[in-house]
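Notes follow once the structure below has been shown.
Numbers for residues simply follow the sequence, beginning at 1.
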Amino acid sequence: MLSFKASYFSAKFDGLSGGFISSKSYQDRVAELEQQVAEYQSQLVDYEDTKKKLETYEEFLQVREKHPDYTWSYATVIGRDASDIFGSFTLDRGTVDDVEVNDAVISGEYLIGAVPEVSATSCVVRSVFDPSIHVAAYEIRTGELGYTNATYDMAVKGTCTLASLDRNTAISKGGIVATSGTGGVFPKDLIIGTVSTVKQSETDLSSYAVVEPPINSKDIHDCFVITDFSEQ
């Protein structure tokens, strides 16, 4: 009887053993799947990177059609200063790419900043709401001229002003502020932002418009540096 039971259970276990996969086989299969996942993730990153670059080029080409005189260099953000509330960043383009101090940096038709420092292979960009950057500008509906200015408090909010306006300015909420081209530092008609409110100065008889740039410099990953244009 015992011999029969032993034979019975032995046969059962022998039958089950064929259904087991060794630990080594499982480990090999897991490693293979992990490798496949890593490859798919790498392909996805490449796809998203390519997609962003194409979108950036498409936006700029629209500007290029309006301004065929622009000479430009495609650039990628390679560094940011986390302690800088004004949102400065570093690009992978420098003097070897014809980038110079004061060159305009754009995303599509929008001015996002200017170059204050440049080395052979990189450059620093300060945003339009950095207090050190002043851009000659105008409001496109009224044609009123002024210049951009910013304070610490405005930089925190990501805004700047169109300053030195007439006390009774006709500029109103929703107006579009663009570069005027005065001085030949920045090309004309690059959009800086939209007017959110108009206020009277507390220090003189002028008024100013609070301007909200459409793009936060902290969200920029790819952009273009305008290295030359006809009025420069």
For this session: Assess whether side-chain contact (heavy atoms from CB on, under 4.5 Å) is satisfied between S180 and K188, documenting all intermediate values.
Result: CA-CA 5 Å; S180 67; K188 187 179 180 181; 5.6 Å; no
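- Note on V185: it does not cluster hydrophobically with L145, by side-chain heavy-atom contacts below 4.5 Å among ILVMFWY residues.
- In this structure, F86 and P131 have side chains that are in contact, with non-hydrogen atoms separated by less than 4.5 Å.
- In terms of heavy atoms, G94 sits closest to V118 at CA-CG2, 3.8 Å.
- Residues F224 and V101 fall into different hydrophobic clusters, defined by Ile, Leu, Val, Met, Phe, Trp and Tyr side chains chained together at heavy-atom separations under 4.5 Å.
- With respect to K157 and E212, no salt bridge is recorded, no charged nitrogen being found less than 4.0 Å from a carboxylate O.
- Residues I220 and I191 fall within the same hydrophobic cluster, defined by Ile, Leu, Val, Met, Phe, Trp and Tyr side chains chained together at heavy-atom separations under 4.5 Å.
- Residues D130 and S132 have side chains that bring a donor and an acceptor to within less than 3.5 angstrom of each other.
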For this session: Start with the C-alpha gap between E100 and N102, add the side-chain angles, then the distance that decides, and say whether side-chain contact (heavy atoms from CB on, under 4.5 Å) holds.
Result: CA-CA 6 Å; E100 299 178 349; N102 291 331; over 6 Å; no
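- Under the 4.5 Å side-chain heavy-atom criterion for Ile, Leu, Val, Met, Phe, Trp and Tyr, F229 and Y74 are members of the same hydrophobic cluster.
- Residues T90 and R80 are not in side-chain contact: their nearest non-hydrogen atoms beyond the backbone lie 4.5 Å or more apart.
- No donor-acceptor pair under 3.5 Å is formed between the side chain of S122 and the backbone N or O of L91.
- Using modelled atom types, one side-chain atom of R167 and one backbone atom of S201 make a donor-acceptor pair closer than 3.5 Å.
- Side chains of F89 and S217 form a contact here, defined as non-hydrogen atoms less than 4.5 Å apart.
- Of the candidates V195, V211, I140, I176 forms a side-chain contact (heavy atoms from CB on, under 4.5 Å) with just one, namely I140.
- I226 places a side-chain heavy atom less than 4.5 Å from the side chain of P187.
- Between K218 atom NZ and I85 atom CD1 the span is 7.5 Å, to the nearest 0.5 Å.
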Problem set entry | T76/H221 under side-chain contact (heavy atoms from CB on, under 4.5 Å): CA gap, chis, key distance, verdict | CA-CA 6 Å; T76 299; H221 299 285; 6.0 Å; no
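- Of all heavy-atom pairs spanning M154 and Y208, the tightest one is CE-CE1, 4.5 Å.
- Partner V105 forms a side-chain contact (heavy atoms from CB on, under 4.5 Å) with one of L190, V115, V128 and no other, that one being V115.
- Closest approach of P213 to F129, counting heavy atoms only: CG-CD2, 4.1 Å.
- V177 and I171 fall within a single hydrophobic cluster, where Ile, Leu, Val, Met, Phe, Trp and Tyr are joined by side-chain heavy atoms under 4.5 Å apart, directly or via other members.
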Problem set entry | From CA spacing to verdict: side-chain contact (heavy atoms from CB on, under 4.5 Å), V77, D222 | CA-CA 6 Å; V77 176; D222 305 283; over 6 Å; no
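- Atom SG of C160 sits about 11.0 Å away from atom NE2 of H134, to the nearest 0.5 Å.
- When each of L111, D103, I106, I192 is tested with F186 by the rule side-chain contact (heavy atoms from CB on, under 4.5 Å), just one qualifies, namely L111.
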For this session: Please assess S230 against D69 for the test side-chain hydrogen bond (donor to acceptor under 3.5 Å, both in side chains), listing each intermediate value before the final yes or no.
Result: CA-CA 6 Å; S230 60; D69 59 304; 2.9 Å; yes
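- R93 and A75 make their closest contact through CG-CB, 3.7 Å (heavy atoms, listed as atom of the first residue, atom of the second, distance).
- Contact annotation: the side chain of C223 approaches that of I112 to within less than 4.5 Å [non-hydrogen atoms, C-beta and beyond].
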